[in-house]
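All values reported here derive from a predicted model rather than from experimental measurement.
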Amino acid sequence: MRGGARRSQDGREARESCLVGLIGSGVGPSLSPALHQREADRHGLRCLYRLIDIDPLGIGPEEVGELVRAAARLGFDGLNITHPCKQTVIEHLDGLSEDAALLGAVNTVVFGEDGRAIGHNTDWSGFARSFARGLPDAPTGEIVLLGAGGAGAAVAHALLTVGADRLTLADTDPARAAGLAGTLATRFGAARVRTVPPEGLPAAVDRADGLVHATPTGMAAHPGLPLSAGLLRAGLWVAEVVYRPLETPLLTAARAAGCRTLDGGGMAVFQAADAFRLFTGREPDATRMLTDLSELLELPAGG
């Protein structure tokens, strides 16, 4: 039996141990292993969480299927998937949850007893919960979203689900933004989503209530700002999906401009909690995991 399991009180399979991993580029700084292992410890669950970085392996995101198949053969119970593999992994899976199919992006893969690999998306629910917690009264009439990749798709779905009136998508790849806009329009209506080319970004931000950043820019391996700091202004709220570092250059610039801000820590925790439930069949305590994140971020690098 994969991981060893028992039945919980509600009839779901609850594992006694689990072997999981994270596939992506530059995942060394990730706190996912510690978050999952700390929560597992509180459940008396043996959890081993491995980082699988495609960079030192010398492979690209199009080869993620080889890693998924290897993990299945090695007895992994599941995988988290991050940039730049959230969309390329889909063709290598045996099935998708409703959310993952709708979003066209996967950040969690669960291996069944039959070896089938099923993709899920906990990014969108993680962002929705973080947004409700961190910016509960933020206006959502007009929102600009930077990034239409896997994380962007999840954030877009979350924003429209929680009631954004109109979402403007901006991406360095206009075709990718157009594709996501088309998918969203089918579900939420064409009037609620549009795209803007790079040269139209200043005007879009100027009339927006909020700005959400969903690209890797600002991470340790991708330093810098995703847009000109001069576009930021008081009255605009700014939300980030990057959490390592928690204080990104974008958030620093936004606070200096008088913006209300939301860091990526909440999304990181809430998506991890939802993934933990899928991996283990145990109910996580997200409040405790938020405390874990705070403690882990205070540890010295590598601690």
> Would you call C18 and L45 a side-chain contact if the rule is heavy atoms closer than 4.5 Å?
Replying inline: yes

> Does the side chain of I52 reach to within under 4.5 Å of the side chain of V27, using non-hydrogen atoms?
Replying inline: no

>> Under the side-chain hydrogen bond (donor to acceptor under 3.5 Å, both in side chains) definition, can you give me all pairs with a residue in residues 216-227, not counting sequence neighbours?
In response: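 Applying side-chain hydrogen bond (donor to acceptor under 3.5 Å, both in side chains) to every pair that reaches into residues 216-227, excluding sequence neighbours, yields T215-T217.
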
> Which residue pairs satisfy the side-chain hydrogen bond (donor to acceptor under 3.5 Å, both in side chains) criterion with at least one member in residues 18-29, sequence neighbours excluded?
Replying inline: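 Found S25-D55.
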
[X]: what forms a salt bridge (Lys or Arg N to Asp or Glu O under 4.0 Å) with it, not counting sequence neighbours?
| X | answer |
| --- | --- |
| E240 | none |
| R260 | D137 |
| D209 | none |
| E142 | R166 |

Between [X] and [Y], does any side-chain N to carboxylate O distance fall below 4.0 Å?
| X | Y | result |
| --- | --- | --- |
| R38 | D41 | no |
| R42 | D292 | yes |
| E39 | R288 | yes |

> For H213, which residues count as a ring-ring contact (aromatic ring centres under 6.0 Å, His included) partner, sequence neighbours excluded?
Replying inline: none

>> Taking ring-ring contact (aromatic ring centres under 6.0 Å, His included) as the cut-off, I'd like each qualifying pair that reaches into residues 226-257, sequence neighbours left out, listed once.
In response: F131-W237

>> Checking I90 now: which residues fulfil side-chain contact (heavy atoms from CB on, under 4.5 Å) with it, not counting sequence neighbours?
In response: L96, V106

> When Ile, Leu, Val, Met, Phe, Trp and Tyr are grouped by side-chain heavy atoms lying under 4.5 Å apart, directly or through other members, which residues fall in the same group as L103?
Replying inline: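 Grouped by the 4.5 Å side-chain rule, W124 form the rest of the cluster around L103.
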
>> Taking salt bridge (Lys or Arg N to Asp or Glu O under 4.0 Å) as the cut-off, I'd like each qualifying pair that reaches into residues 78-99, sequence neighbours left out, listed once.
In response: K86-D123

>> Considering only residues two or more places apart or on different chains, which pairs with a residue in residues 173-186 satisfy salt bridge (Lys or Arg N to Asp or Glu O under 4.0 Å)?
In response: D171-R176

>> If only side-chain N and O atoms count, and only distance matters, is there a donor-acceptor pair under 3.5 Å linking T140 with D165?
In response: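 Note: D165 and T140 side chains miss the donor-acceptor criterion.
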
>> Could you measure the distance from the CD1 atom of I23 to the CG atom of L79? Nearest 0.5 Å is fine.
In response: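 Rounded to the nearest 0.5 Å, the CD1-CG separation comes to 4.5 Å.
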
> What's the spacing between T248 OG1 and L251 CG if we round to 0.5 Å?
Replying inline: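 Answer rounded to 0.5 Å: 3.5 Å.
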
> Aromatic ring centroids of H120 and F279 under 6.0 Å?
Replying inline: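 Ring-ring flag for H120/F279: false, centres at least 6.0 Å apart.
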
